[in-house]
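Take a look at the structure below.
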Number of protein chains: 2
Amino acid sequence: MESYKQLFNEYIAMYRPYINKLNALLASYNLTTAQWSIMLLIFREGAKTIGDISLYQNVEKPTTTKLVQKLIDLGYVEIHAGNDKRVKIVQLSEEGTKVYGQMREKIDHFQKDLSEGISEEERLVVAKVLKKISSKL
Amino acid sequence: MESYKQLFNEYIAMYRPYINKLNALLASYNLTTAQWSIMLLIFREGAKTIGDISLYQNVEKPTTTKLVQKLIDLGYVEIHAGNDKRVKIVQLSEEGTKVYGQMREKIDHFQKDLSEGISEEERLVVAKVLKKISSKL
DNA sequence: AATAATTAGTTTCCCTAACTAACTAATAAA
DNA sequence: TTTATTAGTTAGTTAGGGAAACTAATTATT
């Protein structure tokens, strides 16, 4: 099989098993990957509006609205209005920051475990290649 | 950021844009990625039972039942009983084989385009690494 | 200043893909 | 010949996603 086919085949084959395991970890804090992904974003990049989150995550705004609503219910994020009163700025709550740290540790462990036996160089090649593909999508 | 985090971040970031584009291609034959994925499997590996498909795809049987039902409605696969009359053996229909070939071309083109500028060696590293990770999941 | 257009986010409604639990029918084991 | 197991289906639920139509706030135009 051609190398590019192998690449995309392996890419797709890995997705569901990976997400399932990740969801199993997240379940301890009643989180799902889509919700976690938003927490990750606003931890890394700081407070963001619904619209910004949608852009970053490549989803439509209604989807983000619902996920953020869920995170508010869980007490992990809080929103406040900006100067422009239409926008809602979303950031981690104190509780959310705590949960972030605890989850982060579990996930670090999980991901480190999965990357065992893969050289630093290989990891970087994979990251670089996937990023390059993303940039064309 | 540590290399393993980069790897998983880029992996996740690429998923939705990729699937969305793929679905856009598949839409011309009223297919979705989940359905296409089954066609791909039974093209590559030959006729398979519902149970086998479920195993390969890492999904539960009810999910496969419905996807196969949809493929039958589309006329792309057909089923026949085995010696064991409980099993249903799923294979591509003539129409399905034709559609497979046409889609395959489009997708090959799409994937080739995405992998342009990525060396053969890099492609193989990505495929190898993702496969290795899958094997631990 | 008043009206029109645009923007941010929400609501409603629908889809796909996934799951579990409970079922039917067929086969295998006791 | 019952009993257990297996293959697939049905029913019901959930998460995540999108499109269309909406409200409220802001900007642009006249």
Side-chain angles (χ1 to χ4, degrees), chain A residues 12-13 15-27 29-41 47-74 77-91, chain B residues 12 15-24 26-27 29-41 47-74 77-91:
Chain A
I12 290 297
Y15 188 74
R16 286 187 37 68
Y18 177 71
I19 289 297
N20 284 344
K21 287 252 180 140
L22 195 52
N23 274 326
L25 287 182
L26 291 165
Y29 291 98
N30 298 305
L31 285 166
T32 62
T33 37
Q35 291 155 209
W36 170 248
S37 181
I38 290 177
M39 292 181 70
L40 208 53
L41 173 68
K48 288 259 166 300
T49 67
I50 302 281
D52 286 345
I53 295 173
S54 304
L55 274 178
Y56 275 88
Q57 306 286 90
N58 285 292
V59 298
E60 296 303 317
K61 286 187 294 176
T63 303
T64 302
T65 295
K66 285 170 223 161
L67 292 170
V68 166
Q69 190 52 58
K70 194 70 207 302
L71 287 169
I72 293 169
D73 292 349
L74 288 166
V77 308
E78 50 199 21
I79 55 177
H80 58 95
N83 288 350
D84 181 336
K85 275 164 194 148
R86 288 168 306 178
V87 309
K88 291 189 176 174
I89 300 174
V90 184
Q91 63 184 5
Chain B
I12 291 297
Y15 188 74
R16 288 187 35 69
Y18 177 70
I19 289 295
N20 284 345
K21 287 252 181 142
L22 195 53
N23 273 327
L26 291 165
Y29 290 99
N30 300 302
L31 284 166
T32 63
T33 36
Q35 291 156 210
W36 170 250
S37 180
I38 290 176
M39 291 180 70
L40 208 54
L41 174 68
K48 289 260 167 296
T49 67
I50 301 281
D52 286 343
I53 294 172
S54 304
L55 275 177
Y56 274 88
Q57 307 285 90
N58 286 292
V59 298
E60 296 302 317
K61 285 187 294 173
T63 303
T64 303
T65 295
K66 282 170 216 156
L67 291 170
V68 166
Q69 189 53 57
K70 193 70 207 305
L71 288 170
I72 293 170
D73 292 349
L74 289 166
V77 308
E78 49 199 20
I79 54 175
H80 59 94
N83 287 350
D84 181 336
K85 276 165 195 148
R86 288 169 306 179
V87 309
K88 291 188 173 173
I89 299 174
V90 184
Q91 63 185 4

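In what follows, chains are A, B, ... by sequence order, proteins preceding strands, each numbered from 1.
- Looking at heavy-atom distances under 4.0 Å, A/Thr49 makes contact with sugar-phosphate atoms alone, never a base.
- Here A/Asp52 lies out of heavy-atom contact (under 4.0 Å) with every strand.
- Within the 4.0 angstrom heavy-atom criterion, only backbone atoms of the sugar-phosphate kind lie near A/Gln35; the bases stay farther away.
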* To do: Quick one: do B/Ser37 and B/Gln57 satisfy side-chain hydrogen bond (donor to acceptor under 3.5 Å, both in side chains)? Show the steps, please.
  => CA-CA 8 Å; B/Ser37 180; B/Gln57 307 285 90; 2.7 Å; yes
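- Within the structure, every side-chain polar atom (N or O) of B/Lys66 is placed at least 4.0 Å from both OP1 and OP2 of D/dT10.
- Applying the 3.5 Å distance criterion, the base of D/dT6 shares a donor-acceptor pair with the side chain of B/Arg86.
- The base of D/dG16 is not paired with the side chain of A/Lys61 by any donor and acceptor separated by under 3.5 Å.
- Picking from D/dG17, D/dA20, D/dG8 the nucleotide with the shortest atom distance to the side chain of A/Ala34 gives D/dG17.
- Between A/Thr63 and D/dG16 there is no side-chain N or O to OP1 or OP2 distance below 4.0 Å.
- Checking B/Val87, B/Val68, B/Ile79 one by one against B/Ile50, the side-chain contact (heavy atoms from CB on, under 4.5 Å) holds for a single residue, B/Val68.
- Within 4.0 Å of A/Asn23, counting heavy atoms only, lies no atom of the nucleic acid at all.
- Checking A/Ile79 against B/Glu60, the closest nucleotide of DNA chain C that is more toward the 5' end is the one next to A/Ile79.
- At D/dG16, none of the side-chain N or O atoms of A/Lys70 fall inside 4.0 Å of OP1 or OP2 (strictly under the cut-off).
- Looking at heavy-atom distances under 4.0 Å, A/Lys85 makes contact with sugar-phosphate atoms alone, never a base.
- Along DNA chain C, the nucleotide closest to A/Thr64 and the one closest to B/Asn83 are compared, and the more 5′ of them pairs with A/Thr64.
- For A/Gln69 and C/dT11, the shortest distance from a side-chain N or O to OP1 or OP2 is not below 4.0 Å.
- Partner B/Thr33 forms a side-chain contact (heavy atoms from CB on, under 4.5 Å) with one of B/Leu40, B/Asn20, B/Leu22 and no other, that one being B/Leu22.
- Within 4.0 Å (heavy atoms only), A/Thr32 reaches sugar-phosphate atoms of the nucleic acid but no base atom.
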